[in-house]
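Hydrogens, waters and symmetry mates play no part in the numbers below; they use all other heavy atoms, side chains included.
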Amino acid sequence: MTGLLEVDNLSKRFGGFVALEGISLSVRRGERVGLIGPNGSGKSTLVNCICGTLQNETGSVHFDGHTLNGASAHQRTRRGLARTFQLPRPFASLCLADNMRIPLLYSVATRERHSAGDIEDRCLDLLRQVGLDDKARRLPRELTQVEMRKLELARAMASEPKLLIADESMAGLTHSEIEDILTLLNRLNEQGVTIILIEHIMRAVMSFSQRLVVLVSGRKIADGEPETVVRDPEVERAYLGQ
Amino acid sequence: MRSDLFLLVCLAVGGVVFAAAMTLGNDYYFFAGYVVLQYVVLSTAWNVLGGYCGYVNFGSAAFFAVGAYATVAIHRFHPMPIPFLVAIAGIASGVVGLGMGYLTLRLRGAFFAIATLALAVVLETLTVNWDYVGGSRGAYIVRPEAIAPFGSYIRYLFLIMLLIAIGAITIARLIERSRLGLGFATIRDDELAAEASGVPTLRLKLIATTISGALMGMAGAPFPYYIGFLQPSSVFGLDYAINSIAMPLIGGTTSWVGPLLGAVLLGSLQQIATVTISSAVNLLIVGFLLVGFVIVAPNGIIGLIHKYVQHRPDILIGRRRIAADAPGPTP
């Protein structure tokens, strides 16, 4: 167990439907991993099992030297495992600054003490990093779709994670907006945050990832260098058909 | 405003209210005022769970009844001063609240509301069959004629309810401005996202059901002394469940001001209707007002005021600030 995240033989079924079957995955500290796969291949289910939103039936998840089996989602977040949701889920009745305040108060503050002034500064600083600081007192419903995704990312960053899982943060964005988000993720990675990027936009995944993992129908079919993985016949078949 | 200062202001306002009622000298005002204050406590308590966390409780009457019947049971066992009864009733109904929270942890929306309604039915059945507190026959609590230095006993009861109301409002305001209140708001908005941000949603829900239940029970504790004869139907009635939902909704659920406004307005209106028209018209008034507000002002009176006075969403949602010394909002 050397990696930051160790997923071992994880399976998840919904009734008779097998969503994930025997997934094993290891992510090193500081790595940038891309996770791809066709729609319905189980990417989001895997994220949900890793983050505790769903409980897996078999297999185990180790994170940063702890086993996470049975731990609730908030305990995992406090351990340093943050995720964004595929569709942004902001706290609709709280202003943007308060959206940032939640992980700071409930996650970061459980590890170390902060003064109220500190936390206020951190909120604005996080919003500044995603370019939303001028809207700190606005409500999420006043934001555009792009801004909403940035807010989602900033809130995940606010919990000061060791591992950030970005679940389709770029779907529906323009080229320059994708660049914005990639720059942000790269900057985070330089600061030492390990990142798993789930994405359909191949250009973004290929430029970002050091390693590519491919899921098809709940099974892992490839794991390795991005250039090698995309030329893998099995991956080509899954994406393009025979 | 700091919380201790707020409490002092509340106590001062309470003192003025009490002094004004004493000057009027007519005991009727105390009888009517008591009911209004009782609704202030009930709707404030309801709002802790319903407004802050977004969990609609249809079983307010059950918690109120637990408080009232705790008084009857203790009174039969060994009569005690009312402040003690209020404390014990608060503990008893707080425990019931915690139990309800545990049983309904996985329920949301309509399912949660139905479960709370079921709780009221179960507790009513138990009470009807519990002979020690009178069962379906009811129980008499003989209220002393007078108590020094207030004169008639109703003035004393009024003062107690006034203090409970002040306590409830102070607690509600404290929650609203704390880390706890911010956590409650995330439960209302999106539980999955809350968990993903590190909020222990299950524990927070239990805290909310306990506080809400305890406050409702405290409101019920002096009730047997007020009414003199307590039977299950007088506390498990629909009035309490409906009023404690309608009042916060009409006032506005996002801040402590809403339930207070709603309870004072609606409660007074009901008291006036009782003496001028008939006591049966009460729920009709509530019904009409509720329908009207849902259509015209879904965010209650508070929402209506903010909509017309100033467009400032940060005030509308009740700026939740953890520390009073944090820097002011940026424009």
Side-chain angles (χ1 to χ4, degrees), chain A residues 48 51-53 72-85 88-95 97-111 114-121 123-124 127 133-142 152 155-156 158-161 165, chain B residues 2 51-54 105-106 176-207 252-255 298-299 302-303 306 310-331:
Chain A
N48 284 336
C51 296
T53 309
S72 59
H74 73 268
Q75 287 166 330
R76 298 179 194 214
T77 307
R78 288 175 177 188
R79 283 254 157 83
L81 215 174
R83 56 100 45 109
T84 64
F85 288 92
R89 309 181 74 127
F91 301 121
S93 71
L94 303 180
C95 68
D98 280 347
N99 266 273
M100 296 300 111
R101 209 185 300 272
I102 297 290
L104 287 171
L105 284 174
Y106 277 95
S107 195
V108 178
T110 56
R111 297 193 289 261
H114 283 285
S115 75
D118 262 4
I119 288 182
E120 182 74 22
D121 290 344
C123 290
L124 294 177
L127 289 173
D133 49 328
D134 54 332
K135 296 186 172 169
R137 303 293 166 213
R138 301 291 185 80
L139 290 175
R141 66 162 173 267
E142 299 172 49
E152 184 76 14
R155 195 180 59 194
S159 66
E160 294 177 10
I165 305 180
Chain B
R2 285 183 23 223
Y52 299 165
C53 296
L105 273 182
R106 310 272 165 208
E176 216 172 278
R177 294 170 168 247
S178 68
R179 175 173 175 262
L180 186 65
L182 210 51
F184 283 174
T186 66
I187 292 179
R188 179 183 62 211
D189 286 349
D190 192 326
E191 280 185 50
L192 268 187
E195 276 281 328
S197 301
V199 181
T201 53
L202 296 186
R203 195 191 317 153
L204 256 52
K205 261 187 271 178
L206 291 180
I207 293 174
T253 53
T254 46
S255 115
N299 291 323
I302 307 251
H306 284 297
Q310 55 200 134
H311 186 65
R312 286 277 302 278
D314 52 333
I315 295 175
L316 183 78
I317 58 174
R319 268 295 299 135
R320 293 177 185 84
R321 184 58 62 83
I322 305 307
D325 58 348
T330 48

Query raised in the report: Under 4.5 Å between any side-chain heavy atoms of B/T201 and A/H74, yes or no?
Result: no
Query - Side chain A/R155, main chain B/S197, donor-acceptor under 3.5 Å - result: no
Query raised in the report: Which heavy atom of A/F91 sits nearest a heavy atom of B/T186, and at what distance?
Result: CE2-CB, 3.6 Å
**Report entry** Any side-chain heavy-atom pair of A/R89 and B/D190 under 4.5 Å
**Finding:** yes
**Report entry** Contacting moiety of A/S115, where chain B heavy atoms sit under 4.5 Å
**Finding:** neither
Report summary line: Looking only at A/I102, A/L81, A/T53, A/T84, most heavy-atom pairs under 4.5 Å shared with chain B are made by A/I102
Query raised in the report: What distance separates A/S72 OG from B/E195 CD, expressed to the nearest 0.5 Å?
Result: 5.0 Å
Report task. Flag the pair B/P200 / A/R78 as yes when at least one side-chain heavy-atom distance between them is below 4.5 Å, and no otherwise. Result -> yes
Report task. Taking the side chain as every heavy atom from C-beta outward, state whether B/L204 and A/Y106 have any atom pair closer than 4.5 Å. Result -> yes
Requested in this report: Compare every heavy atom of A/L94 with every heavy atom of B/A185, then report the nearest pair and how far apart it is.
Outcome: CB-CD2, 3.8 Å
Report task. Might you confirm whether atom CZ of B/R203 has over 12 heavy atoms from other residues, nucleotides or ligands at distances under 6.0 Å? Result -> no
